Structures are given as C-alpha cells and as structure tokens.
Student: 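This is the structure I have questions about; it appears just below.
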Protein chains: 2
Amino acid sequence: MKRVTSIDVAKRAGVSQSTVSRVFSGKSSYISEQTRTKVLRVSEELGYTPNAIARMMSSRQTNIIGIVMANITSPFYPYVLEKFLQRFQEIGRNALMFTAAPNQEIDDMLPLIFQHRVDALIITSATLSSEMAEACAKHGTPVILFNRYVTGAPASAVCADNVEGGRRIADLLLDTGHERLAYVAGSVNTSTNNDREKGYTDRLTERGYTHLQRAQANFSYETGFQAATTLLESDHAPDAIFCANDIMAIGAIDAARSLHLRVPDDVSIIGYDNIPMSAWASYNLTTFSQEVDAMIDDTLNILSNKLENPDSPPVISLVLGRLIARGSVRGVQPTDS
Amino acid sequence: MKRVTSIDVAKRAGVSQSTVSRVFSGKSSYISEQTRTKVLRVSEELGYTPNAIARMMSSRQTNIIGIVMANITSPFYPYVLEKFLQRFQEIGRNALMFTAAPNQEIDDMLPLIFQHRVDALIITSATLSSEMAEACAKHGTPVILFNRYVTGAPASAVCADNVEGGRRIADLLLDTGHERLAYVAGSVNTSTNNDREKGYTDRLTERGYTHLQRAQANFSYETGFQAATTLLESDHAPDAIFCANDIMAIGAIDAARSLHLRVPDDVSIIGYDNIPMSAWASYNLTTFSQEVDAMIDDTLNILSNKLENPDSPPVISLVLGRLIARGSVRGVQPTDS
DNA sequence: TTGAAAGCGTTACCAT
DNA sequence: ATGGTAACGCTTTCAA
C-alpha cells in the first residue's frame, strides 16, 4: 500500500535517484543500456510508476489540455471529442474535461480550470467574455474556441462559415424556383442560429425576396416538428423550409408527412450540418455540411502552433461547408456523396 | 508572466505563507475575518490562483477521477458522460478523460492513467483483464466498469441486465403469435450482443422454438439495413426481427419499407436501448429500455461509497430495463411513455 | 489564531 | 554516463 517512489527504486538498484528519473523521463539523456535495464527490472519488481503529479510540479509543465464542452449530447460533439482525445493521446497529452451546467457561464469555470495549470484550453460551443479572453492571454494560456468566435479578443477560433452557408441556401432555394420561403430558427442568441439566419435573410433581401416566414424552435427534433407543423398548416403554407439544423429538418419532414404532404413535391426541406442520419433512406435530406474533420484539423493545427510558438497571434479560421444535394429539395440534382 | 505564489501573497499581506494556504484550502481552520479578507484582497490584486498541482503533491490527493470511454459516439454515452461530468463538478472533482483507440487494449492504457494518481477510475463499454483489476485493487484505486462486467475480479460494475432483457423479448414475440423469428446480431464478442442473444435464444429454446434465423451486423444503421434486407428477401422471410440495438432496428424498418413491407403488419421489428430516435413518429419503434439514468445513479453511488469506504467489497449491479411498447410489433398494446 | 519547518516525488542543473 | 542538490508551491504537523 505504501507508494513506491524513484528513491526506493534507486536504492534497490544501487543507482542514484537522478538516474532513475532519467530512465523514465525518456528524453535524450545518455544512459548505459546496462543500468537502464537494471532500473527497469527493479521498477517492475517493486511496481513503480512515475508520479505524474510530481513531474508536473517540478517541470512546471502539466501536459494537460482543458476541454470545455457545453453541449456534449449534440449531434457531432461526441465525434469531435473523440478525435481530440485520440490526437492528444498520440502526442502524449492528457485531457481534463469540463461541461458547462445549464445556465452556467464559462467565465465562472475558468478560475477552477486555471488552478490546474492546463497548457491550453479548448472551448466548444460556448463563448467567453473578452475580459476573460484577456485574462487567459495574460496568463499565457492559449485558448481556442471551437464553433464559436469572439472578435477583437485575444482568442483563436475555428468556426463554420455559417453566414456564407445561409447565403448559399437562399440562392439555392430561389434558383430552383421556390416561391414561399420559410425559416425554422434554432435557439435564440446562439451564434450558430444567428449567423445562418443572417446569411439567409440578407441574401434573400439582396435578391428582392420579402415575405419570409419564420418559426422559432430550439434545434431539437420535437420543436422542429412543431414549428413545421405550424408553418404548413397556415393559410399561406411555404413551399420551402430551411431549418437551422438537420435534426429540426428531420422533424420537419416527419411533420410534413403526418400532414400528408410529399417532400419535396409539396414542400422542399433543407437542413444544415449533414449529420449521418440525414443520409438515411427514409429522410434523404438535402443539407449543407459542416466540415467537421476540417474544423478539427484546423483546431489541432492552431493548437500545436500556439504551443510551440506561444507568442503567435490569435487565428480565426472560418471553414466553409458545401451543399449536400439529396432528395428533399425540388429541382436539385442529387450529388453522389 | 512570472507565476505568483502563496509566498508572494503572504509577503505582501504581511502574514505567513501557512496563513495564505489556510485561507484557500477552505476547510475548517479558524482564521480571523480580518486576515482572511486581507489575504483575499491581496490575492486579487496580485492575480493569485492556488496551484492545484502543488496541492495534489503535498496533500497526496488529486481529486481527479479517470474516465475511459471506448465508444464515445455510441448513442447514449455522450449523455452518460455529461451526467458524470456534472456530478463530479458538483462534488468538486475533476475528470481526466481517455478514449480507447480502435484495437487498443484498456490494459495498456492503465499505467499511463495511474501515473496521474486518479482517485478512482470509471471504464465504460470496455473490459479489463482480471490481472489488471487485481493491479488496480492492490494499487488502492477503485475501478467501476460501466456497461460491462468481469466476474471474479475485484472490480465493481454496473450493467444492464441484457440476458433477462433478451428473454423477455423472446417471450413477447412468442406470446404475440409470431412464427418465423430472426435475430440481427451486433458486433461479435461484445458482451452487450452476447448477453442479449443468449437470453433470447435460451428462452426460445426453453419454449421449444427451434428455427431461429440469424444475421450478423455490427450495431450500425447500415449493417442493420443490410442484415434485415437479406433476411426479408430470403425464401422463408421472418415475421419478427429482434435487432440487438435500436439503430439497427431503425435500419431494419427502413429496409422493410424499401421492400414494400409494412411494419408491423408484414413484419414486426423490435430493438433494444430506447434511444430518443426510437420514439420518433416515423419509426415508433417498440423496444426494450436501457435504464440509463438508473445505471448512472448506481455508478455514482457505488463510487462515492468506495471513496468514503475504500475497503468495501466490489459491487455488481444489474439494472433491468423494461418493455417500451410502441407500434412496431404486431399484437402489443402501446404504452404511454 | 498564527508561524516555522518538514515534507510530497519529481526534474533541472552543476559536478564529476 | 552518473550522482548530488536545489528547486517546484503547496499541505501538514508542531509550537507558540
């Protein structure tokens, strides 16, 4: 039960504690094959494992990266998380995870996180105040926002180009001759929804389209179903609905069907995200992809850059998705993927 | 840029370093309101944050719990993870996360994890060898397996009672007069699939049913679709298919539809897990629930028990789910939920 | 209620 | 290639 330390190993192996340390710290350091194996053997016998905490303490480097995820259960965050973790393990770093409780400000969590002296911090799907971003910068802790951004603050960010995506969807719907357009919004005050809506409505306006209908939902299947039902039962039912994400779009398809409307013949429905489910035969949803892998790669690149070169300025990367043409919008030729 | 320590605060506040420590360690310790506020004020000025690493070092307690998740992207693990994290944050613990890369043995990851001196370890959806379980026990690190178990090893476990679930499904299908039964298997050598299949086939055998058809899949939508297609196109097409999880069952429903078969009139389909999607109008899948919340609660309870009482013996908790009767099985009365 | 001093188990640096 | 020793920034006795 008593913890065995490098000193115990040193004594038993008849070498100095420094030597034991060298064997385990792996780096350069020249050690004779002979003593190395001896140390290793003794460690095995004694059941010695280096104490990472002590290592952090004396090297002033934790090799820990903090991850804050606000919405773990949303469609693609688990995937993102898995990729992050795999990558971190490959480069010998560990992940300390935090989740933002409902209504909890990220700002409030930071002090706790900083106590752990993380080497860097990734925050997904949540924003921090510019003051806090300043604080992090002063602290010397690189922060990368994933799928959010703050302008003017010293924090890097990787984000889908939702504004441009919204614009392209507006173009698509107009180009294919739709005449009564609607928008099903995601949760208010999320940048995801705001940006998609802004791109969509701005472009519509630019092209002279004026009577856009709108229904509020919150990114969930149920609210998407609800919102679409309301829209489709109204007097001036739309012939095309853009839903702020795929889940709601799938809800909308089900809503249309339960009203005995055909998709896309009676109403076109387009989503956003390109989650796996949107490819399923029963939905075959036309959507606009989030290039998640590209976003993950960008994040990881920015991160290693910052880690190697702490003084490099913050980077903001906007990743544009692409149209995934399937069968739920009238008049568009399905693409292969 | 220079890190400010409790010594800096002590000097500036004109107190001893011990006093500063006392102020921040929060616990009992009597401190005059006067010095406390003074210390707090100075800390604020200097931007001091206690160093958690140093604290771990000297207190020999990390307050860190390790979480190993093999399959983060499977349907309900994100939910489980979120609950775990929320709970840990409530009780002032932090989570160090690991994921098992494809084909990576958990056993190989443990040494790394132990280096961090985690107070406890939760392993989801993966097993460890009994030797490793022994090692953990000797180490004094409580281990709890979530959704897996090892018998005879000193590790606690919380697991759905998949065998009994499989048996009940056999009973249900037989009781409702189905005559040509099939099973769509999940990945081989997963205890989830093995247990569900064992319960199902054992019970079928007990009741004298003999020509069960079987198709191999791997828990994914696509393979479920495939497997069901094969089954339904055969000469002796089944009139009831039990799929080892909901995702495959949903694939099976789509497969049936694409063959112009009606569910449940032409073929009954039943899944397992009760994921949110199974309640969607377009599937309305009859299934057997995993009582995830109960499992999470059990896990957390066992964990705090172990933490308070390290010598308590390992506990194995089998959580039985219940039938969620919806519309995809002929002859069963839908329940409300 | 406060202070002094001894660890905690490494790494890093300086010798040899 | 190896050993000695001073940090690292706290918590924890033990005294006062």
Side-chain angles (χ1 to χ4, degrees), chain A residues 1-40 42-43 46-64 92 112 114-119 139, chain B residues 1-40 42-43 46-64 92 112 114-119 139:
Chain A
M1 203 73 226
K2 198 197 157 297
R3 327 269 264 209
V4 7
T5 75
S6 57
I7 297 190
D8 301 327
V9 176
K11 277 193 194 132
R12 184 86 112 85
V15 297
S16 75
Q17 184 273 334
S18 314
T19 301
V20 177
S21 170
R22 281 191 192 97
V23 170
F24 283 97
S25 45
K27 351 196 18 158
S28 50
S29 53
Y30 313 78
I31 300 187
S32 72
E33 211 32 59
Q34 192 182 345
T35 61
R36 154 174 275 117
T37 53
K38 196 201 315 175
V39 167
L40 254 20
V42 174
S43 304
L46 266 41
Y48 167 72
T49 338
N51 184 323
I53 306 297
R55 203 219 270 324
M56 295 175 194
M57 177 86 208
S58 83
S59 67
R60 253 141 309 173
Q61 243 240 326
T62 59
N63 270 326
I64 289 182
L112 180 66
F114 281 130
Q115 292 191 5
H116 286 86
R117 303 296 189 261
V118 295
D119 292 346
H139 231 283
Chain B
M1 202 73 227
K2 196 196 159 300
R3 328 267 266 206
V4 6
T5 73
S6 58
I7 297 191
D8 301 327
V9 176
K11 277 194 194 130
R12 185 85 112 86
V15 297
S16 75
Q17 183 272 333
S18 317
T19 302
V20 177
S21 169
R22 281 190 191 99
V23 170
F24 283 97
S25 45
K27 353 201 6 163
S28 50
S29 54
Y30 311 79
I31 301 188
S32 72
E33 211 32 60
Q34 192 183 342
T35 61
R36 153 174 276 119
T37 54
K38 195 200 317 172
V39 167
L40 254 20
V42 173
S43 303
L46 265 41
Y48 167 73
T49 338
N51 184 324
I53 306 297
R55 174 180 282 155
M56 295 174 195
M57 178 85 209
S58 75
S59 67
R60 256 141 308 182
Q61 243 240 326
T62 60
N63 269 327
I64 289 181
L112 179 67
F114 281 129
Q115 291 190 6
H116 286 84
R117 303 297 189 259
V118 295
D119 291 346
H139 231 282

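In what follows, chains carry the letters A, B, and so on, assigned in the order in which the sequence lines appear, proteins first and then strands, with residues in each chain numbered from 1. All values below come from the heavy atoms of this structure, side chains included, with hydrogens, waters and symmetry mates left out. These figures come from a predicted structure and were not determined experimentally.
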Student: Could you tell me the separation between the CD1 atom of Ile7(B) and the C1' atom of dG3(C), rounded to a whole number of Å?
Tutor: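 Nearest whole value for this atom pair: 13 Å.
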Student: With a 4.0 Å cutoff (strictly under), does any side-chain N or O of Ser6(B) reach OP1 or OP2 of dC10(D)?
Tutor: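 Yes, Ser6(B) has a side-chain N/O under 4.0 Å of OP1/OP2 on dC10(D).
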Student: Give me the atom names and distance for the closest heavy-atom approach of Pro50(A) to Arg117(B).
Tutor: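 So the two residues come closest at O-NH1, 3.7 Å.
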Student: Taking atom types as they are modelled, would you say the side chain of Ser18(B) forms a donor-acceptor pair with the base of dA4(C) within the 3.5 Å cutoff?
Tutor: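 Under the 3.5 Å cut-off, the side chain and the base do form a donor-acceptor pair.
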Student: Across the strands shown, which category fits Ser32(A) at heavy-atom distances under 4.0 angstrom: base, sugar-phosphate, nothing?
Tutor: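 The answer is sugar-phosphate, as Ser32(A) gets under 4.0 Å only of primed atoms, P, OP1 or OP2.
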Student: If you take all heavy atoms of Gln115(B) and Thr49(A), which pair is closest and at what distance?
Tutor: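 In this case the closest contact between Gln115(B) and Thr49(A) is CG-CG2, 3.6 Å.
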Student: Quick one: Ile53(B) CD1 to dA7(D) C1', roughly how many Å, whole number?
Tutor: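 Interatomic distance, CD1 of Ile53(B) to C1' of dA7(D): 17 Å.
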Student: So, OP1 or OP2 of dG3(D): does either fall under 4.0 Å of a side-chain N or O from Ser16(A)?
Tutor: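 Answer yes for this pair, as a side-chain N or O of Ser16(A) is under 4.0 Å from OP1 or OP2.
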Student: Round to a whole Å and report the spacing from CD of Gln17(A) to P of dC8(C).
Tutor: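 Rounded to the whole Å, the gap is 13 Å.
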Student: May I have the distance from Lys11(B) (atom NZ) to dC10(D) (atom C1'), rounded to whole angstrom?
Tutor: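 Those two atoms, NZ and C1', are 15 Å apart.
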Student: Kindly give the heavy-atom pair with the smallest separation between His116(A) and Ile53(B), and that separation in Å.
Tutor: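 Of all heavy-atom pairs spanning His116(A) and Ile53(B), the closest is O-CD1, 3.9 Å.
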Student: Relative to the 5' end of DNA chain C, which residue comes earlier, Thr5(A) or Thr35(B), by the nucleotide with the nearest heavy atom?
Tutor: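 Its nearest nucleotide lies further toward 5', so the answer is Thr35(B).
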Student: Between atom NZ in Lys38(A) and atom C1' in dT2(D), what is the gap in whole Å?
Tutor: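 So the two atoms are 11 Å apart, to the nearest Å.
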Student: Taking only N and O in the side chain of Thr19(A), is any of them less than 4.0 Å away from OP1 or OP2 of dG3(D)?
Tutor: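 It does, given that an N or O in the side chain of Thr19(A) lies less than 4.0 Å from OP1 or OP2 of dG3(D).
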Student: Rounded to the Å, how far apart are Gln61(B) CD and dT11(D) P?
Tutor: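 In whole Å, dT11(D) P lies 12 Å from Gln61(B) CD.
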Student: To the nearest Å, how far apart are Met57(A) CE and dT10(C) C1'?
Tutor: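 Value for this atom pair: 10 Å.
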Student: Phe24(B) vs Tyr48(B) aromatic rings, parallel, tilted or perpendicular, using cut-offs 30° and 60°?
Tutor: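 Ring orientation, 0 to 90° scale: perpendicular.
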Student: Can you say whether a donor on the side chain of Ser58(B) sits under 3.5 Å from an acceptor on the base of dC8(C), or the other way round?
Tutor: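 No pair found.
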Student: If only side-chain N and O atoms of Ser59(A) are considered, is one of them under 4.0 Å from the OP1 or OP2 phosphate oxygen of dT10(C)?
Tutor: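 Checking Ser59(A) against dT10(C): no side-chain N or O falls below 4.0 Å of OP1 or OP2.
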Student: When you measure from the side chain of Val15(B), which nucleotide among dC10(D), dG3(C), dT2(C) comes out closest?
Tutor: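 Nearest nucleotide to the side chain: dG3(C).
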Student: Show me the donor-acceptor pairs within less than 3.5 Å that the side chains of residues 7-14 of chain A make with the rest of the protein, sequence neighbours left out.
Tutor:
{"unit_1": "Asp8(A)", "atom_1": "OD2", "unit_2": "Thr5(A)", "atom_2": "N", "d": "2.9"}
{"unit_1": "Arg12(A)", "atom_1": "NH1", "unit_2": "Glu45(A)", "atom_2": "OE1", "d": "3.1"}

Student: Grab the CG-P distance between Asn51(A) and dT11(C) for me, whole Å please.
Tutor: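 Those two atoms, CG and P, are 9 Å apart.
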Student: Under 3.5 Å, is there any donor-acceptor pair linking the side chain of Arg22(B) to the base of dG3(C)?
Tutor: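 Per atom types, the contact qualifies.
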